[in-house]
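The analysis underlying the following values was restricted to heavy atoms, covering all of them including side chains, and did not include hydrogens, waters or symmetry mates.
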Amino acid sequence: MLQIGFIRQNAALVKERLSVKHFGDVLLVDKVIALDEQVRKLKVESETLQAEMNAASKAIGQLMGKGEKEQAELKKQEVTQHKSTLQQLSESLNLAEKQLQDAIILFPNLPHVSVPPGKTPEENEIVREGGLKPSLPSNAVPHWELIKKYDLVDFETGAKITGSGFPLYKGKGAKLQRALIQYFLDYNTAAGYTEYLPPLMVNEASAYGTGQLPDKEGQMYHAAADGFYLIPTAEVPVTNIYRDEIVKEADVPVKMTAYTPCFRREAGSFGSDVRGLNRVHQFDKVEIIQLVNPDKSYDVLEEMVRHVETLLNHLQLPYRILRLCGGDMSFTSALTYDFEVFSAAQQKWLEVSSVSNFESFQTNRMKIRYKNAEGKTQLLHSLNGSSLALPRIVACLLENNQTDAGIKLPPVLHAYYGNAIIR
RNA sequence: GGAGAGUUGACAGAGUGGUAUUGUAACGGCCCGCUAAGCCGUCAUCGUUGAGUCGGUGCAAAGGUUCGAAUCCUUUACUCUCCGCCA
């Protein structure tokens, strides 16, 4: 959520930045400023009246104490009269505040100055590429065939148990998942992230805090009887650990990592995008999250990008890093880097990580603050990134490393998987 | 699922109808050869003012009673203890 004080003082800038994100309703800025003015005006009126009433009430107490009952009765009547005026005033105030709140919530986060102005995924900026694209033998096949060949995942039975998009990992496939999760967590904790294993369902306040509500409601599975949402990413429960907290400055930066399954309805997806492991409703992901001093958040973003990049290098996968354009960024982000790995058999780039700086957009909703050097409470900045999402990593590992003898795993995974090759 | 106790500022912890006491930590200042101690101020949040001005709100949340509610009443959430059920 944008901060009203900032909007008030930087109306022109806010409009200009919103246009980079292709936010249609620029006039909403003016509307919000007008509503804010109205709210503050009504506040002054109602507070002045309340001050009078408080003073009168206090006087009543004193008069009663002195035994001057008649005087006290007069004062009582005075207060009673004010009361109905106040009632009306506070009704208009509440209405105006609600309208203001409802309007502010519609604003996406403002994009950082380095965000390219484009609208579609094609206009994302390629920052750099790394790793080597393999030259596959002529009989190379996509991962969904390799999965069958080595009996790693049973999509049909997963569909029987639940529905399509709920993979049933099996035997070597299940062990590979566990190996990757363990490796990613070890790699993250070695870099100073504290490991968490959070609840997989969250309440409404948490979903609102990270911005899934109200913007992405349709993307989450909802357990209506209890009002809980299945998490679409570990970002939601983990960032909310610090909701409504004032963090000690000594504890900043807060660095957290968590493995969780992620649940996404992915309504509207179809075609080759959803083949095999390309897009599923339940998948495993290891996430990194940081809460940092506002002055440092862009340095930390670069640090997190390098962290993920190193991981991909260790996995020996060809990758590229994209800086997302305004139109392709998420509602809550100020700057996002996407990581894609090259799936050699599909000849396709697949997104495996998204690293974002949310600045104070999430922390303002969650009231995650710290006391700065002057002893003043201030919002922290929040960042997160996948490190890493498993299914597409698995797809690429299988496809890019296929040989007649089996799937050759990168050395970092040998000990975790317990073998150098999947046969 | 049942019963009881509880929820007060960053933390600790008083306050049973008259407008949130005190301590600790933190921050700023004074003092000081240095350190410690001590002293003064700030220390939930919002509005307002030329201003360190003035005021509002705030005691888990929402509603109610009252001139006045942390305090009384109702509902809800959460925590703890015991019982029940259970991996």
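OP1 or OP2 of B:A44 has not a single side-chain nitrogen or oxygen of A:Arg369 nearer than 4.0 Å. At least one side-chain nitrogen or oxygen of A:Arg40 sits closer than 4.0 Å to the OP1 or OP2 atom of B:U48. The side chain of A:Thr377 contributes an N or O atom lying less than 4.0 Å from OP1 or OP2 of B:U45. Checking the phosphate oxygens (OP1, OP2) of B:C67, no side-chain nitrogen or oxygen of A:Lys58 falls inside 4.0 Å.
Side-chain atoms of A:Glu52 and A:Thr48 form no donor-acceptor pair, as typed in the model, at a separation below 3.5 Å. Between the side chains of A:Tyr337 and A:Glu302, at least one donor N or O sits under 3.5 Å from an acceptor N or O.
A:Tyr370 places its OH atom 13 Å from the C1' atom of B:C27, with the value rounded to the nearest Å. Distance A:Lys367 NZ to B:U45 P: 11 Å, rounded to the nearest Å. In this entry the distance linking CD of A:Glu37 with C1' of B:U48 reads 14 Å, nearest Å. Rounded to an integer number of Å, the gap from A:Leu100 CG to B:C46 P is 14 Å. Going from atom CG of A:Leu74 over to atom P of B:C67 covers 15 Å, rounded to whole Å. A:Lys43 places its NZ atom 14 Å from the P atom of B:U45, with the value rounded to the nearest Å. Between the CD atom of A:Glu97 and the P atom of B:G47 there is a distance of 10 Å, rounded to whole Å.
Residues passing the side-chain contact (heavy atoms from CB on, under 4.5 Å) test with A:Glu73 are A:Lys76, sequence neighbours excluded. Residues forming a side chain to side chain donor-acceptor pair (under 3.5 Å) with A:Tyr193 (at least two apart in sequence, or on another chain): A:Gln290. Taking A:Lys98 as the reference, A:Asp102 meet the salt bridge (Lys or Arg N to Asp or Glu O under 4.0 Å) condition, with sequence neighbours excluded.
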Inset, instruction - Map every base of RNA chain B to its dot-bracket character, where paired means a Watson-Crick or G-U wobble contact with both distances under 3.5 Å and | marks a partner outside the strand. - result: ((((((((.[[[..)..(...]]].(((((.......))))).((((......))))..[[[[[..)....]]]]])))))))....

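Ring planes of A:His314 and A:Tyr183: tilted class, angle from 30 to 60°.
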Inset, instruction - Quick one, give me the B/S/- string for nucleotides 50-64 of chain B, reading 5' to 3', where B means a protein heavy atom under 4.0 Å from the base and S means that only happens at the primed atoms, P, OP1 or OP2. - result: -----BSS-------

Inset, instruction - Starting from the C-alpha separation in whole Å, work towards a yes-or-no answer on salt bridge (Lys or Arg N to Asp or Glu O under 4.0 Å) for A:Glu97 and A:Lys43. - result: CA-CA 10 Å; A:Glu97 277 184 328; A:Lys43 228 172 208 177; 3.6 Å; yes

Inset, instruction - Tell me, with the steps shown, if A:Asp30 and A:Lys15 meet salt bridge (Lys or Arg N to Asp or Glu O under 4.0 Å). - result: CA-CA 9 Å; A:Asp30 300 319; A:Lys15 285 182 185 174; 3.0 Å; yes

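Each of A:Glu245 and A:Gln77 lies near RNA chain B, and the nucleotide nearest A:Glu245 is the one positioned closer to the 5' end.
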Only distances under 3.5 Å count here; give the side-chain donor-acceptor pairs of residues 155-170 of chain A to other protein atoms, sequence neighbours excluded, each with its distance to 0.1 Å.
from: A:Thr157; atom 1: OG1; to: A:Asp154; atom 2: OD1; distance (Å): 3.2
from: A:Thr157; atom 1: OG1; to: A:Asp154; atom 2: OD2; distance (Å): 2.5
from: A:Lys170; atom 1: NZ; to: A:Asp151; atom 2: OD2; distance (Å): 3.1

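Base engagement by A:Ile60 is indicated by at least one non-hydrogen atom pair under 4.0 Å involving a base atom.
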